[in-house]
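To start, the structure under review is shown below, and the notes come after it.
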Amino acid sequence: MSATKVMIPFVFLLLLQQLIKQVIRVYVFNQLFNYQWQICNQLKYNIKEFNFQNFEPSKALFLFFCKLFNKIRKHVRRTEIKEALLSENFELEMNVKGWVRTKRASKNVAFIALNDGSTIHNLQLVVDLEKIPEEALALMHTSAAVSATGHLVPSAGSGQRVELSVNSIELLGEANPDEYPLQPKKHSLEFLREKAHLRFRTNTFGAVSRIRHAMIFAIHKFFNDKGFYNIHTPIITASDAEGAGEMFQVTTLKLDNLPLNEQKEIDFKQDFFGRSANLTVSGQLEAELAALALSKVYTFGPTFRAENSNTSRHLAEFWMIEPEVAFFDIHDDMDLAEEMLKYLIRYALENCKDDLNFLSKRLEEEEKNKKADEKSMELISKLNFVLENPFERITYTEAIDILKNSNHNKKGKFSYPIEKWGADLQSEHERYLVEKHFRKPVILTDYPKDIKAFYMKQNDDGTTVRAMDVLFPGIGEIIGGSQREERYDKLLQRMEEMHVEPEGLWWYLETRKFGTVPHAGFGLGFERLMLFVTGMGNIRDVIPFPRTPQNCEF
RNA sequence: UCCUUCUUAGCUCAGUUGGUUAGAGCAUCUGACUGUUAAUCAGAGGGUCGCUGGUUCAAGUCCAGCAGAGGGAGCCA
């Protein structure tokens with residue numbers, strides 16, 4: 001009896017103690033943790049302003065709390081490596097998680113380069129092998145996932161400012177080196193394409209991925225800041241008259257048992273939409289509808305072309321930005337295109353320095369065996385060069401004259417000699433204009449109407465249309481756009497001439513009947529922009545999972 | 001789709017006018033090393049030379065077909 005009498009208050013006290021500990025942990029120390037930076041900053045402030053007066057006691061108090069906090073707190077929250085590398089928190093324990101890039105070990109100390117994708121730079125983990133047995137690191141090969149806790153310290157080595165002196169380390173996921181295909185060395189981009197599921201873990205693809213995000217974000221920011229509205233145009237479309245290329249068909253019909261109508265043709269009435277449908281090749285026509293009410297709109301969505309194109313500049317699935325603006329003529333359109341490209345390049349230079357520096361060095365390394373005149377301009381200089389110089393604007397007719405009178409043409413160096421006005425320019429001609437003659441981006445306008453789409457505004461000369469193509473060095477056409485034909489009769493006439501069925505586009509034509517106004521827009525291939533900004537050579541290396549003919553892996 | 005080049009170890013690549021048992025660096029494993037930067041040093045294991053057929057005493061090497069990849073062209077963004 002007396003034993004239980006003694007036990008009751010004892011248990012009660014024990015519970016109370018636990019409760020108090022919990023309260024202290026949750027409230028007091030979490031507060032301290034959350035405000036550690038304010039405290040640090042306050043201390044620094046004290047150093048500067050009060051010349052060390054009041055500093056020592058508060059520093060001592062701070063360090064005391066840090067020590068106490070390190071002992072009591074059970075869970076150390078993860079710090080991203082990008083933040084850790086800039087941190088000056090040398091007092092509180094820090095936890096980092098990521099994937100091993102390389103491990104180097106000697107008798108007493110091991111080094112692990114850890115990366116978590118937040119930056120191209122690695123955090124060096126320093127493991128004292130007297131404190132942590134080597135066996136604990138045995139499975140931490142390249143690409144193993146690791147969680148490490150320790151104190152950030154100024155680096156004793158010379159390769160980095162800070163490093164993490166590890167107190168405890170845990171293997172989160174191993175990567176068996178006998179099976180894991182990537183090594184801490186340079187792989188060919190072709191090989192990495194076959195390992196697209198793992199290539200995010202390489203420096204190059206990490207850098208490209210971060211820049212890709214920055215460009216996506218900057219595009220939305222650019223348009224938002226200018227008062228444009230983003231429009232989601234349909235991905236599945238029934239109109240096949242856009243003339244932008246071969247389309248992928250979308251159907252729920254059983255392909256091994258297609259229903260036929262009385263004319264023995266496939267009966268699309270039985271298909272999901274009651275008619276034949278395709279994946280979009282362009283959001284332009286729908287974007288025009290929105291622009292003729294909202295004034296300034298843009299689309300940024302996936303685009304699909306079933307062309308059997310096998311080049312370093314083409315994808316079957318790519319992303320396209322298509323602004324469309326009411327009351328714009330072709331000159332406003334060119335201004336917008338140039339302003340936008342420069343904005344995006346500037347954004348990359350200002351926000352992706354580390355990644356661009358890496359890609360620049362990579363490119364230099366790759367091209368070091370090339371002859372001087374085959375080498376491309378250093379990446380960052382090239383981007384700055386485009387920023388600083390206005391794009392050259394000439395008409396198709398002027399371009400033909402320049403090409404015709406060029407020494408290159410006279411010496412017969414073109415595979416397709418320039419003979420008569422009216423033919424489409426070949427890649428070699430565009431490249432000559434951009435890379436040899438003007439040596440900067442060129443905007444070509446006023447093309448012959450027969451080589452351009454039906455919706456482009458016809459000039460008064462009766463032979464040309466208000467098209468504009470922006471040509472970039474190394475890439476070719478990065479933007480294709482035009483002022484649109486806003487006159488109902490002219491548009492209808494052009495559709496008939498080019499065998500585009502007006503019935504399927506009745507809705508498009510109606511906008512020319514109800515409050516039609518001059519308007520213009522363009523399409524920017526997002527991956528082609530990425531090629532230019534990253535300096536990569538193949539479009540399959542600037543999109544995570546490229547879709548090309550005979551390739552739909554991942 | 002056309003032109004062209006390539007395919008050798010897990011990766012990157014040598015391999016001579018066809019001639020013994022096909023090599024190197026990296027990676028892996030073992031050992032050495034007091035702080036490394038894609039660490040270094042020593043050693044070990046690792047190959048149906050893309051596949052199929054042909055020429056030849058003899059084929060990684062020459063020929064044909066097929067497959068895959070790269071570069072260029074066309075189409076375009």
Does [X] use its side chain to pair, donor to acceptor, with the backbone of [Y] at less than 3.5 Å?
| X | Y | answer |
| --- | --- | --- |
| A:Thr280 | A:Thr237 | no |
| A:Glu338 | A:Phe391 | yes |
| A:Arg466 | A:Arg484 | no |

Residue [X], side-chain atoms from C-beta onward, closest of [options]:
| X | options | answer |
| --- | --- | --- |
| A:Gln160 | B:U36, B:U1, B:G35 | B:U36 |
| A:Arg305 | B:A77, B:G35, B:G70 | B:A77 |
| A:Gln426 | B:G35, B:G71, B:A73 | B:A73 |
| A:Glu190 | B:U12, B:G70, B:A73 | B:G70 |
| A:Arg540 | B:A77, B:G74, B:G71 | B:G71 |
| A:Pro177 | B:U28, B:C75, B:A77 | B:U28 |
| A:His187 | B:A73, B:C11, B:A77 | B:C11 |
| A:Val126 | B:G35, B:C76, B:A38 | B:G35 |
| A:Asn310 | B:G35, B:U1, B:G71 | B:U1 |
| A:Thr102 | B:C33, B:A38, B:A73 | B:A38 |

By the 4.0 Å heavy-atom rule, please label [X] as base, sugar-phosphate, or nothing.
| X | value |
| --- | --- |
| A:Ala105 | base |
| A:Leu182 | nothing |
| A:Ser155 | base |
| A:Arg313 | base |
| A:Leu529 | nothing |
| A:Thr303 | nothing |
| A:Gly157 | base |

Ignoring backbone atoms, test whether [X] places a side-chain nitrogen or oxygen under 4.0 Å from the OP1 or OP2 oxygen of [N].
| X | N | result |
| --- | --- | --- |
| A:His141 | B:C29 | yes |
| A:Ser106 | B:G35 | yes |
| A:Ser312 | B:G72 | yes |
| A:Asn122 | B:A38 | no |

query: Between A:Thr142 and A:Gln124, which has a closest nucleotide on RNA chain B that is more 5'?
result: A:Thr142
query: When you match A:Pro181 and A:Pro549 each to their closest nucleotide on RNA chain B, which lands nearer the 5' end?
result: A:Pro181
query: How about A:Lys131: does its NZ atom have over 12 heavy atoms from other parts shown lying under 6.0 Å from it?
result: yes
query: Under the 5.5 Å and 30° test, is A:Phe318 stacked on the base of B:A77?
result: yes
Once you apply the 3.5 Å cut-off to both distances, tell me the Watson-Crick or G-U wobble partner of [N], or none.
| N | result |
| --- | --- |
| B:C62 | B:G54 |
| B:A38 | none |
| B:A67 | B:U7 |

Do [X] and [N] have a side chain to base donor-acceptor pair shorter than 3.5 Å?
| X | N | answer |
| --- | --- | --- |
| A:Ser309 | B:C75 | yes |
| A:Glu163 | B:G35 | yes |
| A:His314 | B:C76 | yes |
| A:Arg104 | B:C33 | no |

Using the [atom1] atoms only, state how far [M] lies from [N], rounded to an integer number of Å.
| N | M | atom1 | value |
| --- | --- | --- | --- |
| B:A22 | B:U48 | P | 12 Å |
| B:A14 | B:C62 | P | 15 Å |
| B:U21 | B:C66 | C1' | 32 Å |
| B:U61 | B:G23 | C1' | 15 Å |
| B:A67 | B:G10 | C1' | 22 Å |
| B:U5 | B:A64 | P | 12 Å |
| B:G50 | B:A73 | C1' | 27 Å |
| B:A9 | B:G47 | P | 11 Å |

message: So that I can tick it off, tell me whether A:Asp329 and A:Lys457 are bridged by a salt bridge, with the cut-off set at under 4.0 angstrom between side-chain N and carboxylate O.
response: no
field: Under-4.0 Å salt bridge between A:Glu428 and A:Arg431
entry: no
- prompt: Could you give the CG-to-C1' distance, from A:Leu315 to B:A77, as a whole number of Å?
  reply: 10 Å
message: Output the rounded distance in Å from CD (A:Glu430) to C1' (B:C75).
response: 12 Å
task: For this output row, return yes or no: ring centroids of A:Tyr508 and A:Tyr455 closer than 6.0 angstrom.
output: no
message: I'd like to know whether the aromatic ring centres of A:Phe526 and A:Phe300 sit less than 6.0 Å apart in this structure.
response: yes
message: Would A:Tyr180 and A:His141 count as a ring pair (Phe, Tyr, Trp, His ring centres under 6.0 Å) here? Give the steps.
response: CA-CA 10 Å; A:Tyr180 183 70; A:His141 291 105; over 10 Å; no
